[in-house]
Each structure stands twice: as structure tokens, then as C-alpha cells.
> 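Before I ask anything, here is the structure I am working with.
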Amino acid sequence: MLFEDLNLIEPIKKALKTKGFTKPTPIQSRAIPSLLKGMDLLGCAQTGTGKTAAFAIPILQGISLQHKASANHRQIQALIIAPTRELAIQIADSFEEYGENLTLKTLVIYGGVSQNPQTKELTKGIDILVATPGRLLDLINQRFVSLKNVKYFVLDEADHMLDMGMLQDVRKIIAHLPKEKQTMFFSATMPAEIEKLANSILKSPIKVMVTPPSSTVEIIEQEIYYVDRGNKVNLLIDLLKNKDIISALVFSRTKHGANKIVKNLSKAGLNAEAIHGNKSQTARQLALNNFKERKTRILVATDIAARGIDIEELSHVINFDLPEVPETYVHRIGRTGRARRGGTAISFCSQAEKPLLKSIQKLTTKSIIEINDHAYPLVETNIEAIVKSNGRNTSKKPMTQDKPRSIRRNNEIKKKVARTEKPRSNVKGYKTKND
Ligand code: AMP
């Protein structure tokens, strides 16, 4: 199927052509025809599947054809709520891109910044509002926003809203919406509370489930480096200095960890920035823009801060820490396989993280290449092997100048090796793949 076959109006077809999109993604070809007919939708999909266009295109077409925007007296006809500012901004950008040949006005509002510029725009009148729940509710309560003319309502990444404790605000927002409207509800997973919410607001929806992992993940080269926790920073520095990495999004499990990584990288002469929830919205946006514009090569992020971030042509995703939830791994690495361009996902796995890796391997079908020839191989496993073999070294790695006699002795060696080990090779182009 092609976009040509979808009964789209000329201005939208033209915008898609400008973007170079000819073929709808699976969620688009399944959702757009039903949405154009006015049906509700329950979409099980995540970022990377093309879901934004799947709802933006029918909304733009619907407003243009049926409700018409009056330039003097615009009223909010479509409301899209998203859990993070970054995602909200990206959705608004998509509306502007797909609607570039239409005369509709889109506004994005989010917290963490002054509300004045937002209220000024709202007063002028807009057709499409993209918002995060907290700021939206604030502005509804201050009567800067009226939702009584909304015909299209989208709830994006509902499960993340649940994770982030936003559901109460979302329910309050829904109470301000008219009963008659078309609702599109997206969530990558369906915990019971989300299912309940979906059932309460959707009317005989069509259900579209897409599994982005396989399509996206298939074109991504996945590599695993076994490394001790204490050596992860050294390995990261080594890779960033010696491997051909154009741009890297590095995932840290915690905000503190992200700051520490940035500090260590800059000590090693590598310019990096961090984005996480403790940073102001302005600082996050600045770091993101610098990264998108290639001013910084390395962006270190936590999962929540990176949610929904769309970076074209990202060459590497590095999982400094493996995620607790295997689906998060797929979300993370999907950032490099955007719009069917390939990329590389590098993951660091310590001894303690091996069970996490096992669950990830169960979920993804494509095999993950193990890279053994690197500067900081896992010491713990070698020590364990030595202990198990009762002091006889069965490992081929040269870790055992001293033959350990007890676990205590092994632990001493372990600490020493972790403290003092230097890269065995830092020659450019050293062989990294185990093939
Ligand atoms: P989304 O899941 O909406 O965040 O979209 C993921 C990425 O796919 C974005 O960079 C879009 O610009 C891109 N994209 C969306 N639809 C298409 C399409 N039909 N063909 C090619 N790329 C697309």
C-alpha cells in the first residue's frame, strides 16, 4: 500500500512527498483509513513505529475538511496529551510538518517554563493543542484553555503517564472534554489500570497492535561487552576514543550516574552533555538541540528524559547500564534504527547484570554479537572460574600471574586488577568484533 491509496487530501500528500514518505508504516496503513471514517482507536505501539503520523494525518485532514478553521476565531479542535515535554514538542513538530500546506495553527505547551508566552499564543487562538498534563490542567483551571470544541482527542504513551503518576491529572482533563469526540489512545503496554481507562473513554475502537521491535531491531547491529561495573567508564572512554562513533546516546539507569559519566568523559577530554529530570527544561532542550545539531557528539540520558526523543541519523546507542525491563532495551536501541536506517547498539553487561541480559535475549529475536577482544574484559568471571577449578587456571586470559589459593586472595586480585588495569590496546582500528 502507498500513501496514494489512502484518500488523503492534496496538501497532505504534498507534505508527505516533501518528507520523502511514500509507503505508510504498518500502523499507518491500518489506522489511517478507520480514523478517516471517524472511528476511535486503541493503538498498542511505541515511538519508532510511525504512530505520530498515524493520528496526525487523519486529524489534520478531518479539521481541514469538516470543521474548517476560521482564521479570526480559532478554537481548539484537537487535543493531544503526551507524558514528556520532548515528546510533546516532537508531536507538535510533526503536525506542523504534515500540515505545512494547510492553514491550521498548532501550539505546544508544557511545564518547567514560564506560562506567559504560552497563554499569549492561546489567547490568539489555535486549532491543535499538544500538551503535557500538568501544565494543561493549570491553564484549564486559569481559564486560558477551553476544551469544549475539541473533536479529536489523543492520549499518547498512556502507560508512561501511569509510570509518571499523571493519571489523576489525565482523568481531570478528560472530564473537561465534550462527550462527542473521536478518541485515539496509544500505549506500548496495557497494564490493568490503563486498560480500564481505555475502556472508559473509547467507543467501539478499532484495535491496532504493532510490534516495532522486530522491524526496527532487525536493522540494528547489537553488540555486548562484558565488563566489570568499575571499568565501564574506562571502556566507554576507550570506545568513544577509538571506535568510529559519529554520535552516541548513552543510557544511564540513574540521574546521578548520568552526571558522573559526563564528568568522567570530560576529564578524559570528551565533550558530553546529560539530560535527566533534575535538569531544567531549558537545559534539557539546549542539550538536546546541541546533540541534534551535532555540536555535542555524546548525550547521556536516563530513560524517562530520553522518552520520545527522535534523533535522525543517530549512529550509536550505548547501554552503559542494562535496563531492568527488557522492553526498555528495545525502546532504547530503537532510537538508532529510526525510519529504517541502520545503527549500532552497544551494551555493557557486568556480572550482576547477566540475568537482565538473559531476559533481553529472550525478547529480541536477532542475536547479539559478543565482543571479547576489548580492553576491559570481565574479571569476576575469570576469578570465579579459577575458584571453581580449585586454583587451576582454565581461563585463556592472562589474569593469573599469581595462582590464587583462596577466595580472599581472589578478591584481592580482583580489586587490584579493577584498579590498575590499563587498555591492552588503544591503537586506532583495533579489532573489536569477535568474528
Ligand atoms: P514515530 O513513531 O511517530 O515517532 O515515528 C518514527 C520516525 O519514523 C520519525 O522519524 C518519522 O519521521 C518516521 N516516519 C514516520 N512515518 C514514516 C513513513 N511512512 N516512512 C518513512 N518514515 C516515516
Side-chain angles (χ1 to χ4, degrees), residues 1-8 12-33 35-36 41 43-61 78 80-100 106 108 128 130 154-160 184-189 208-220 247 249 288 291-293 301 303 305-315 317 327-328 330-343:
M1 183 188 273
L2 299 172
F3 277 118
E4 278 297 327
D5 309 319
L6 283 179
N7 275 332
L8 300 177
I12 293 179
K13 281 203 271 192
K14 201 170 147 203
L16 288 169
K17 228 176 254 165
T18 311
K19 279 193 74 70
F21 297 174
T22 46
K23 208 171 165 311
T25 64
I27 190 160
Q28 292 163 359
S29 56
R30 282 151 71 190
I32 292 174
L35 290 178
L36 287 175
L41 173 91
C44 254
Q46 57 207 26
T47 306
T49 53
K51 72 176 154 75
T52 317
F55 63 78
I57 291 172
I59 291 175
L60 287 164
Q61 176 146 331
I80 297 94
I81 47 180
T84 64
R85 301 140 185 188
E86 286 82 2
L87 182 60
I89 292 170
Q90 266 169 217
I91 294 172
D93 287 348
S94 297
F95 269 93
E96 271 168 8
E97 283 173 21
Y98 302 126
E100 67 179 2
T106 302
V108 57
I128 298 156
V130 188
V154 181
L155 195 68
D156 200 9
E157 301 205 346
D159 50 352
H160 293 153
M184 291 145 253
F185 191 110
F186 291 88
S187 195
T189 56
V208 179
M209 286 195 36
V210 285
T211 43
S214 50
S215 57
T216 321
V217 168
E218 260 156 34
I219 54 164
I220 299 167
S247 57
L249 179 59
L288 188 60
F291 188 60
K292 281 185 175 179
E293 290 163 18
D303 286 302
R307 207 158 268 166
I309 291 178
D310 187 12
I311 304 153
E312 305 263 333
E313 293 174 48
L314 171 64
S315 79
V317 163
E327 282 82 4
T328 306
V330 178
H331 286 221
R332 287 182 182 183
I333 73 165
R335 319 228 162 257
T336 178
R338 281 303 163 88
R340 304 180 189 105
R341 276 186 284 271

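Remember, it's 1-based here, ligands and their atoms both numbered in the order they're listed. Values in this document were obtained by computation on a predicted structure and should not be read as measured data.
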> Using the side chain to side chain contact (heavy atoms under 4.5 Å, CB included) criterion, which residues pair with Leu36? Sequence neighbours excluded.
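Side chain to side chain contact (heavy atoms under 4.5 Å, CB included) list for Leu36, sorted by chain: Leu8, Ile32, Pro58, Gln61.
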> Between Lys23 and ligand 1, which residue portion shows a heavy-atom distance shorter than 4.0 Å: side chain, backbone, both, or neither?
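For Lys23, only backbone atoms sit under 4.0 Å from ligand 1.
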> Nearest 0.5 Å, please: how far is NZ in Lys19 from CZ in Phe3?
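The CZ atom of Phe3 sits 10.5 Å away from the NZ atom of Lys19.
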> Closer than 4.0 Å to some heavy atom of Thr52 - which atoms of ligand 1 meet that?
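Those qualifying, in numeric order: 1 (P), 3 (O), 4 (O).
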> So how far is it from Gln28 CD to Thr49 OG1, rounded to the nearest 0.5 Å?
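One gets 8.0 Å once the value is rounded to the nearest 0.5 Å.
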> Give yes or no for whether the N/O distance cutoff of 3.5 Å, strictly under, is met between Lys19 and ligand 1.
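Lys19 vs ligand 1: no N/O contact under 3.5 Å.
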> Which of the atoms of ligand 1 are close to Phe3, meaning less than 4.0 Å from one of its heavy atoms?
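It comes down to these atoms of ligand 1: 19 (N).
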> Look up atom NZ in Lys51 and atom CD1 in Ile91, then write down how far apart they are to the nearest 0.5 Å.
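Reported to 0.5 Å precision, the distance equals 6.0 Å.
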> Show which atoms of ligand 1 fall inside a sub-4.0 Å distance from at least one heavy-atom site of Gly50.
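Numbered from 1, ligand 1 contributes 1 (P), 2 (O), 3 (O), 5 (O), 15 (C).
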> Output the distance between atom CZ (Phe55) and atom CG (Asp156), rounded to the nearest 0.5 Å.
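Rounded to the nearest 0.5 Å, the CZ-CG separation comes to 4.5 Å.
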